[in-house]
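For reference, the structure is listed below as structure tokens.
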Amino acid sequence: EMIVKSFNLNFQELLKKKCTLLYGENISLISEIENKIAAEARATKNLTVKKYQEEYLLQNKDIFDQLINTESLFGDQEMVIISKSTDKIIEIYDEKNAQNNDKQIIFLSGPLIKKSKLRNLAETSINFSCIACYNDTSEQLQSILFQKLKDSKISVSREFINSIFEMNSLNRQDINDAINKIQLIQNTSKISEENLKNIFLNVAQCFMAAEIIAKDNF
């Protein structure tokens, strides 16, 4: 199946495809899936992961050709991640050559219309997995937070989760950052509900300040 849902992903199955397109407005989810695919590639296939922006590769087509359309110089297996991908990348991407070598390619993109050449290729080619990453609903985010706290052995009520979201406009990245901080604190002290509220307040404020930078680097 070329079109894959963004939840309950099987990352070993994804790596059986030569290429994956992650696109949509949910930058946090795209980044999360990208990192998990790269980690799986390193752990199970010993792939070397390289990341470039599309604009750089369009300006240096010989580098793109070496990365994508030819075998690795030293026989190393590679995963190439291309961020800010648009339909322009199709002009220099040779699917036949890419299919016949040992490279794996991850295309990262923002929202793509149905007529997009890149999206159309990913949705129809047997060499691709195509994953649309839409913004999470408030209910989805609350469930994610509840489950992550549960996995961290922190028991809270649904009412407490609701109060966190009433206090802050959290997204997936806020939740991941907060959970990382909580797990660090757990090593030395007990987590109270007041601690939790302060942590989520701080990560939301930090994310707002960093969001513009993240979009520029995406």
Side-chain angles (χ1 to χ4, degrees), residues 1 3-17 20-47 49 51 79 81 83 104 106 108 129-211 213-215 217-218:
E1 184 180 1
I3 300 175
V4 182
K5 301 294 185 183
S6 62
F7 50 89
N8 295 327
L9 291 172
N10 184 322
F11 293 95
Q12 290 186 2
E13 287 297 317
L14 285 179
L15 288 176
K16 291 180 180 178
K17 297 287 187 179
T20 298
L21 170 64
L22 298 168
Y23 78 93
E25 61 268 29
N26 194 333
I27 295 174
S28 299
L29 178 56
I30 290 173
S31 179
E32 186 177 306
I33 296 173
E34 172 203 349
N35 291 335
K36 288 181 179 178
I37 293 175
E40 185 72 23
R42 291 188 185 99
T44 63
K45 302 186 75 171
N46 199 30
L47 298 188
V49 179
K51 187 170 183 177
M79 170 175 281
I81 299 173
S83 64
Q104 291 209 251
I106 309 295
L108 308 179
S129 291
C130 183
I131 306 172
C133 297
Y134 303 112
N135 282 330
D136 299 298
T137 66
S138 179
E139 290 77 13
Q140 287 172 324
L141 289 168
Q142 289 185 36
S143 294
I144 290 168
L145 175 55
F146 187 82
Q147 186 59 49
K148 284 182 179 287
L149 287 173
K150 183 178 178 182
D151 292 343
S152 298
K153 295 182 171 53
I154 295 176
S155 178
V156 296
S157 66
R158 286 287 181 179
E159 289 73 21
F160 177 78
I161 297 292
N162 290 338
S163 71
I164 292 292
F165 278 84
E166 288 172 1
M167 183 174 64
N168 304 304
S169 178
L170 298 175
N171 61 30
R172 185 180 289 258
Q173 188 62 51
D174 293 333
I175 292 172
N176 290 338
D177 290 345
I179 293 298
N180 288 337
K181 289 188 177 184
I182 288 167
Q183 290 173 343
L184 287 173
I185 294 172
Q186 275 182 307
N187 293 330
T188 57
S189 61
K190 188 175 180 180
I191 302 290
S192 67
E193 288 195 353
E194 193 61 35
N195 290 146
L196 289 176
K197 286 184 178 181
N198 288 332
I199 289 169
F200 284 105
L201 178 62
N202 288 335
V203 296
Q205 290 172 342
C206 289
F207 185 84
M208 287 175 63
E211 193 174 21
I213 297 173
K215 286 182 178 178
N217 291 332
F218 173 66

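Hydrogens, waters and symmetry mates are skipped; everything else that's a heavy atom, side chains included, is used.
- You'll find the side chain of I154 reaches within 4.5 Å of the side chain of V156, heavy atoms only.
- Y134 has its side chain out of reach of N26: every pair of non-hydrogen atoms, C-beta onward, lies at least 4.5 Å apart.
- Using a 4.5 Å heavy-atom cutoff, the side chains of L9 and I131 are in contact.
- For Q147, the side chain to side chain donor-acceptor pair (under 3.5 Å) test picks out D151, with sequence neighbours left out.
- At least one donor-acceptor pair under 3.5 Å links the side chain of Q104 to the backbone N or O of L15.
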Task: CA sep, side-chain torsions, deciding dist, call: L108, L21, side chain to side chain contact (heavy atoms under 4.5 Å, CB included) - done: CA-CA 6 Å; L108 308 179; L21 170 64; over 6 Å; no
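- Residues I30 and Y23 fail the side-chain proximity criterion, which asks for heavy atoms closer than 4.5 Å.
- Defined by atom type and a distance below 3.5 Å, a donor-acceptor pair is missing between the side-chain atoms of N171 and D136.
- For S143, the side chain to side chain donor-acceptor pair (under 3.5 Å) criterion is met by no residue, not counting sequence neighbours.
- Every residue meeting the side-chain contact (heavy atoms from CB on, under 4.5 Å) condition with N35, not counting sequence neighbours, appears here in chain and number order: S31.
- With hydrogens and angles ignored, the 3.5 Å screen pairs a side-chain donor or acceptor of Q186 with a backbone N or O of S152.
- Salt bridge status for E40 with K45: absent, with no side-chain N to carboxylate O gap under 4.0 Å.
- Partners of N195 under the side-chain contact (heavy atoms from CB on, under 4.5 Å) rule, at least two apart in sequence or in another chain, are I191, S192.
- Scanning all heavy atoms of the two residues, the minimum distance from F200 to I175 falls at CE2-CA, 4.4 Å.
- In this structure, the separation between SG on C133 and CD1 on I33 is 4.0 Å, given to the nearest 0.5 Å.
- Residues L29 and S6 meet the side-chain proximity criterion, which asks for heavy atoms closer than 4.5 Å.
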**Item:** side chain to side chain contact (heavy atoms under 4.5 Å, CB included) evaluation trace for I37 with F11
**Value:** CA-CA 6 Å; I37 293 175; F11 293 95; 3.5 Å; yes
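- Taking OG from S83 and NZ from K51, the interatomic distance works out to 5.5 Å, rounded to the nearest 0.5 Å.
- Between I185 atom CD1 and L196 atom CG the span is 8.5 Å, to the nearest 0.5 Å.
- We find the CG-CD distance between N135 and E25 to be 4.5 Å, quoted to the nearest 0.5 Å.
- Counting all heavy atoms, side chain and backbone alike, A38 lies closest to M79 at CA-SD, 4.1 Å.
- Judged as a side-chain contact (heavy atoms from CB on, under 4.5 Å), and not counting sequence neighbours, the contacts of E32 are K36, R172, N176.
- Annotation: salt bridge (charged side-chain N to carboxylate O under 4.0 Å, His left out) contacts involving residues 152-167, sequence neighbours excluded, are absent.
- Take T137 and apply the side chain to side chain donor-acceptor pair (under 3.5 Å) test, not counting sequence neighbours, and it matches Q140.
- Between the CD1 atom of I179 and the CD1 atom of I199 there is a distance of 8.5 Å, given to the nearest 0.5 Å.
- Rounded to the nearest 0.5 Å, atoms CG (L141) and CG (D174) are 9.0 Å apart.
- When the side-chain contact (heavy atoms from CB on, under 4.5 Å) test is applied to K197, the partners found at least two apart in sequence or on another chain are F160, S163, I164, M167.
- Partners of K16 under the side chain to side chain donor-acceptor pair (under 3.5 Å) rule, at least two apart in sequence or in another chain, are E13.
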